[in-house]
Amino acid sequence: MNAGMPVTPSLFRMLEWHERIEAERRQPGARVFVSDYNGGHPFVEKYLGELADAAPCRLADVTRYSALDEDAVLRERIAEMHRRYDGAGCTPGRVLPGGGSSALLGTFATWLLLTGRRRVHYVAPVYYKLAFLFRRMGIEPVPVARGHAHQPAFDLRLPAERTVLVLTDPVWYAGRRVPAAVVRRIADWQRATGSLVFVDGTFQYMRWDGGRREETAHLPAELTLRMVCPTKYLSIHGYRCAHLLVPLQLREELAELHLNLHGDVAVSDRLFARRAADLMLGEGNAALVQHIRDSHRTLTASGALAAQLPVEAGFFLFARPRVPSRWFLALDGKFFELDGHPGYIRVNLLNRPGIEALMTAAGQVASA
């Protein structure tokens, strides 16, 4: 490389791979996408309740704007859920509800830009939409570790300065939670430097062991923003709701910015947000998690996988198929800034066509 030429951050190189696979995925006759973002399950109608068979206009006044942030009942239910699940203090004053995690990521990135923050540290992996926003807004992403938090060789080197750190927990593509020791170390670093941490907790509260407590709920509240996504929790993505837990001193500033960027949500999304909060306070998603585990058990027993990483949360698995991964359209390590693991790809355990394609291909090879 010539001296003086700019170096493309590795996060942006990863983003280029996502853009390429998106272009291929949309082509007619594309290979089966086993890393798909979508996936069905048998609990949709049960989780939706009256939303499954009643039009929103029968459930709410559709002549009025649906002001999600003004829904005091919703914010109180969300706060209560976090108190119950995490055993940590949470008040409605810390809750900023929004229409989906992408909108909240947009608000966070815009806030960084408006407050003059042009450099952000991060622990890989980072969701590609946040990478897209950083690239377009001219925000420099700086990694603080070699490897990912679930790897034995993970080497965390936090800067000795006040900054903003982005942390993804769990590491969604592999279904692995960030170890408690790593979270505690980050908490100590926050207190020492006054640094702000943004936790992308999109796949939180989907633990396979039935536990509810999330370690990042115990990071210093006055220095932490944590994003939670009930649509992922229920795997019902056609409705849009998510929320941020934010420091009290930042809430009104962020709420005003979010409203002016995105406006109010559709009344259907507000109704769903209420429904999701009630479910999280009530029966939860244990049936869905068991369904995911059953799918994993079926795939493993079929012999379609040559190797896999242990999984403990969410609905993705990182594994090496018995047949060459090039037979499928899939996301491998380079899509997550991950070195090593040749032949490993992300598998959506809720994507039945993808699971069947993996099992069928392995069966054909075995019988050849």
Donor-acceptor contact present, side-chain His41 to main-chain Val289, <3.5 Å:
no
Would you call the rings of Tyr37 and Tyr128 parallel, tilted or perpendicular if under 30° counts as parallel and over 60° as perpendicular?
tilted
Are any non-hydrogen side-chain atoms of Arg176 and Pro170 less than 4.5 angstrom apart?
no
Would Met81 and Arg212 satisfy side-chain contact (heavy atoms from CB on, under 4.5 Å), going step by step from the backbone distance to the final call?
CA-CA 10 Å; Met81 180 276 292; Arg212 290 179 166 181; over 6 Å; no
Taking Leu317's backbone N and O only, do any of them form a donor-acceptor pair with Gln308's side chain (distance below 3.5 Å, no angle check)?
no
Is there a chain of hydrophobic side chains (I, L, V, M, F, W, Y, each step under 4.5 Å between heavy atoms) that links Leu248 to Leu196?
no
Separation between CG of Leu244 and CG of Leu104, rounded to the nearest 0.5 Å:
4.5 Å
Quick one: NZ on Lys334 to CD on Glu16, what's the gap to the nearest 0.5 Å?
12.5 Å
Donor-acceptor check, side chain of Ser302 to backbone of Leu299, threshold 3.5 angstrom: yes or no?
yes
Please report the shortest heavy-atom distance between Phe316 and Asp36, naming the atom on each side.
CE2-O, 3.5 Å
Between the main-chain N or O of Glu312 and the side-chain N or O of Arg177, is there a donor-acceptor pair closer than 3.5 Å?
no
In terms of heavy-atom contacts, Val267 and Ala60 come closest through CG2-CB, 3.4 Å
Answer whether the closest heavy-atom distance between the side chains of Phe108 and Asp200 falls below 4.5 Å.
no
Atom pair NE2/OG of His291 and Ser235 - distance to nearest 0.5 Å
9.0 Å
Side chains of Arg346 and Phe335 in contact at under 4.5 Å (non-hydrogen atoms)
no
Measuring from Arg162:CZ to Gln190:CD, what's the distance to the nearest 0.5 Å?
11.5 Å
Does this structure show an ion pair linking Glu24 with Arg20, if we count only N-O contacts that are shorter than 4.0 Å?
no
Check ion pair Arg226-Asp86 (N to O, under 4.0 angstrom)
yes
In plain terms, say whether Glu50 and Arg58 are close enough for a salt bridge, that is, a side-chain N and a carboxylate O under 4.0 Å apart.
no
Run the side-chain contact (heavy atoms from CB on, under 4.5 Å) check on Ser195 and Leu165 step by step: do they pass?
CA-CA 7 Å; Ser195 293; Leu165 176 73; 6.0 Å; no
For Ala174 and Val311, which heavy atoms make the closest approach, and how far apart are they?
O-CG2, 3.8 Å
Does this structure show an ion pair linking Arg64 with Glu70, if we count only N-O contacts that are shorter than 4.0 Å?
no
For residues Asn348 and Phe33, determine if any side-chain heavy atom of one lies less than 4.5 Å from a side-chain heavy atom of the other.
no
Would you say the ring centroid of Phe203 lies under 6.0 angstrom from that of Phe315?
yes
Determine the minimum heavy-atom distance between Ala357 and Phe328, stating which atoms define it.
O-CE2, 3.8 Å
Is it the case that the side chain of Asp269 and the backbone of Arg240 share a donor-acceptor pair, with hydrogens and angles ignored and the cut-off at 3.5 Å?
yes
Return yes if some donor-acceptor pair links the side-chain N/O of Ser101 with the main-chain N/O of Ala242 below 3.5 Å, else return no.
no
Would you say Leu309 and Leu350 are hydrophobically clustered, going by side-chain heavy atoms of ILVMFWY under 4.5 Å?
yes
Ionic contact status for Asp69 with Arg251, cut-off 4.0 Å:
yes
Taking the side chain from Arg275 and the backbone from Tyr47, do they hold a donor-acceptor pair closer than 3.5 Å?
yes
Indicate yes or no for a side-chain donor-acceptor contact from Thr224 to the backbone of Ala221 under 3.5 Å, with no hydrogens or angles considered.
no
Could you check whether any side-chain N or O of Arg320 sits under 3.5 Å from a backbone N or O of Ile345, counting only pairs where one atom can act as donor and the other as acceptor?
no
Give a yes or no on whether a salt bridge exists between Glu22 and Arg25, defined as a side-chain N under 4.0 angstrom from a carboxylate O.
yes
Quick check on the hydrophobic clustering: are Leu96 and Leu114 connected, directly or via other members, by side-chain heavy-atom contacts under 4.5 Å?
yes
Flag the pair Glu214 / Arg207 as yes when at least one side-chain heavy-atom distance between them is below 4.5 Å, and no otherwise.
yes
Show me the donor-acceptor pairs within less than 3.5 Å that the side chains of residues 141-152 make with the rest of the protein, sequence neighbours left out.
unit_1 : atom_1 : unit_2 : atom_2 : d
Arg146 : NH2    : Asp155 : OD2    : 2.9
His148 : ND1    : Tyr173 : OH     : 2.8
His148 : NE2    : Phe336 : O      : 3.1
His148 : NE2    : Glu337 : O      : 3.2
His150 : NE2    : Tyr173 : OH     : 3.1
Gln151 : OE1    : His148 : N      : 2.7

Using modelled atom types only, decide if a donor and an acceptor are shared between the side chain of Ser295 and the backbone of Leu349 within a distance under 3.5 Å.
yes
Taken to the nearest 0.5 Å, the spacing of Tyr239 OH from Leu51 CG works out to 4.5 Å
Taking only residues two or more places apart in sequence, or in another chain, which ones meet Arg75 in a salt bridge (Lys or Arg N to Asp or Glu O under 4.0 Å)?
none
Can a salt bridge be assigned to the pair Asp188 and Arg185 using a cut-off of 4.0 Å between side-chain N and carboxylate O?
no
Between Leu11 and Phe134, is there a side-chain heavy-atom distance shorter than 4.5 Å?
yes
Run the side-chain contact (heavy atoms from CB on, under 4.5 Å) test on Met280 and Arg84 for me, step by step, so that the C-alpha distance in whole Å, both residues' side-chain angles and the decisive distance to 0.1 Å come before the verdict.
CA-CA 10 Å; Met280 295 182 85; Arg84 287 191 193 179; over 6 Å; no
So how far is it from Arg293 CZ to Thr298 OG1, rounded to the nearest 0.5 Å?
12.5 Å
Between Asp264 and Leu259, does the side-chain contact (heavy atoms from CB on, under 4.5 Å) criterion hold? Intermediate values first, please.
CA-CA 7 Å; Asp264 290 320; Leu259 177 62; 3.4 Å; yes
Using every non-hydrogen atom in the two residues, find where Ala88 and His218 come nearest and quote the distance to one decimal.
CB-CE1, 3.7 Å
Which ILVMFWY residues can you reach from Val95 by hopping between side chains whose heavy atoms are under 4.5 Å apart?
Leu68, Leu74, Ile78, Leu245, Val265
Is it true that Phe43 and Ile236 fall in one hydrophobic cluster, defined by side-chain heavy atoms closer than 4.5 Å?
yes
Strictly under 6.0 Å, is that where the ring centroids of Tyr205 and Tyr233 end up?
no
Phe318 with Trp208, same ILVMFWY side-chain cluster at under 4.5 Å
yes
Ionic contact status for Glu76 with Arg83, cut-off 4.0 Å
yes
Is the count of non-hydrogen atoms from other residues, nucleotides or ligands lying under 6.0 Å from Arg118 atom CZ greater than 12?
yes
Side chains of Glu253 and Val246: does their closest heavy-atom pair fall under 4.5 Å?
no
Quick test of your reading of the model: are Glu215 and Arg213 salt-bridged, counting only N-O distances below 4.0 Å?
yes
Do you know the tightest heavy-atom contact between Val183 and Leu219?
O-CD2, 3.6 Å
Can you confirm whether Asp332 sits close enough to Ser325 that some side-chain heavy atom of one is under 4.5 Å from a side-chain heavy atom of the other?
no
